[in-house]
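Here's the structure, in structure tokens; my notes come after.
Chain letters run A, B, ... following the sequence lines, proteins first, then strands; residues in each count from 1.
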There are 2 protein chains.
Amino acid sequence: MILSRTSQYAIQALIYVATQPAGEPILNRKIAEYLGVPAAYLAKIMQSLCKGNLLYSFRGRQGGFCLREGGEKTDLMQIVSLIEGVGFTEYCVLGLKVCSDETACPMHTKWKPIKERIVSLLHEQTLDRLAVAVKSGKYRICDLPMAMMGAETDPAGV
Amino acid sequence: MILSRTSQYAIQALIYVATQPAGEPILNRKIAEYLGVPAAYLAKIMQSLCKGNLLYSFRGRQGGFCLREGGEKTDLMQIVSLIEGVGFTEYCVLGLKVCSDETACPMHTKWKPIKERIVSLLHEQTLDRLAVAVKSGKYRICDLPMAMMGAETDPAGV
DNA sequence: GTGAAACAAGATAATTAGATCGAAATATGC
DNA sequence: GCATATTTCGATCTAATTATCTTGTTTCAC
């Protein structure tokens, strides 16, 4: 609805890395397996994240990916603008090329505050905060195992 | 960022129809020309809008498209759910298949209120209100002519 | 050296956007 | 009434974008 699948995978992967002990390189394969996303595609995304200076990569044996120092403070806005391009928040809801305070689409004034809330939410969510939430066990960054889906609606509990 | 191009075109076209005198069928060609969008593609979208009971269509000479009676009260949510499918607002920001109050991604609680604001904005914006805004001349549903782009930065005024 | 891993670039698949074309319908002129 | 121009309808086809896979190379620990 808002983010491309690429951005979603990038965020999930970075959160996962942030939940792991710092300093130990993590395999792309492991991340992909955990998240249940295609490893080859994820590898490409991880490369972008390296080029964008969010990750370190180590080749060869004992290789893998690590957060850069201070990387726990990376916020979602940084990740998203890296993937979708800066200014992805500037797009007009109705798709107009030019839609600013001066000359706008009829949704502009109402949409602007919502957009601002989205931006500040993306800014305030940092990898460390998200990692804590995941480590607490209250939240997930990967899908439920199929078996569990709809488990609540199953009175027998299987 | 939020809506597919198809939804954007659908909304633009419906607003345009709503600005025109009711009862007079409007040509797809005219709408496409005004909005500056591909006519063939728009025609397809118009068909969906007819099937979704938002528009009437008339074939042959003097044909064209009209809002259905009461159509001025159509809100953007109706249009969008027709095009993108109902439940497009239910998607998880991080792309999880299941993300509800019971079991969620770490963004869920913060994202939910924003999502609700988006939904209510889409609900409160009806075609007649948007049409009024456009007819007032304060807002646009089509792009500026190329010549005007950046006109403000041109001291000579060309 | 050898094997495990990231790296790079391209090929393929899926989805979305847009174009084409032959109908079917209908107001209008004759 | 009948031909005709005008328009939507419907189905299919192409192009562009996005997501995914493949293959080979480089790097590094052992």
> Any side-chain heavy atom of B:Leu127 sitting closer than 4.5 Å to one from B:Ile15?
Replying inline: yes

>> How many whole angstroms separate atom CD of A:Gln8 from atom C1' of D:dA19?
In response: 12 Å

>> Rounded at 0.5 Å granularity, tell me how far CE in B:Met46 sits from OG in B:Ser48.
In response: 10.0 Å

>> Please report the distance, rounded to the nearest Å, between CD1 in A:Ile83 and P in D:dT18.
In response: 13 Å

>> Nearest to the B:Asn28 side chain among C:dA6, D:dA29, D:dT8, which nucleotide is it?
In response: D:dT8

> Do B:Tyr34 and B:Val132 share a hydrophobic cluster (ILVMFWY, side-chain heavy atoms under 4.5 Å, transitive)?
Replying inline: no

> Would you say a side-chain N or O of B:Gln62 is under 4.0 Å from OP1 or OP2 of C:dT28?
Replying inline: yes

> Counting side-chain heavy atoms from C-beta on, which of D:dT7, D:dA29, C:dA6 comes nearest to B:Arg29?
Replying inline: D:dT7

> Would you call the rings of B:Tyr9 and B:Tyr41 parallel, tilted or perpendicular if under 30° counts as parallel and over 60° as perpendicular?
Replying inline: perpendicular

> Are any side-chain N or O atoms of A:Asp143 and backbone N or O atoms of B:Leu96, one a donor and one an acceptor, separated by less than 3.5 Å?
Replying inline: no

> Between A:Arg61 (CZ) and D:dT27 (C1'), how many Å, whole number?
Replying inline: 13 Å

> A:Tyr41 side chain: which of C:dG3, C:dA17, D:dA19 is closest?
Replying inline: D:dA19

> Would B:Arg129 and B:Glu72 count as a salt bridge (Lys or Arg N to Asp or Glu O under 4.0 Å) if you check the C-alpha gap in whole Å, the side-chain angles of each, and the deciding distance to 0.1 Å?
Replying inline: CA-CA 8 Å; B:Arg129 295 180 64 171; B:Glu72 329 80 42; over 6 Å; no

>> In this structure, how many angstroms lie between the P atom of C:dA6 and the CZ atom of A:Phe58, rounded?
In response: 12 Å

>> Quick check on DNA chain D: between A:Ala40 and A:Gly60, whose nearest nucleotide comes earlier from the 5' end?
In response: A:Ala40

> NZ of A:Lys30 versus P of C:dA4: gap in Å, rounded?
Replying inline: 14 Å

> Contact class for A:Tyr56 (heavy atom, under 4.0 Å): base, sugar-phosphate, or nothing?
Replying inline: nothing

> Looking at D:dA19, C:dG18, C:dA4, which one has an atom nearest to any side-chain atom of B:Arg5?
Replying inline: C:dG18

> If you measure from OG on A:Ser4 to CD1 on A:Ile83, what distance do you get to the nearest 0.5 Å?
Replying inline: 7.0 Å

> Looking at the side chain of B:Phe65, which of D:dT20, D:dT8, D:dA5 is the nearest nucleotide?
Replying inline: D:dT8

Distances under 3.5 Å between nitrogen or oxygen atoms of protein and nucleotides 8-15 of chain C:
unit_1	atom_1	unit_2	atom_2	d
C:dG10	O6	A:Lys44	NZ	2.4

> In whole angstrom, what separates A:Ile45's CD1 from C:dC7's P?
Replying inline: 14 Å

> Hey, is the side chain of A:Thr6 poking within less than 4.0 Å of OP1 or OP2 on D:dT18, counting only N and O atoms?
Replying inline: no

> For B:Leu42, which contact category applies under a 4.0 Å heavy-atom criterion: base, sugar-phosphate, or nothing?
Replying inline: nothing

> Can you check the B:Tyr9 OH to C:dT16 C1' distance for me, whole Å?
Replying inline: 12 Å

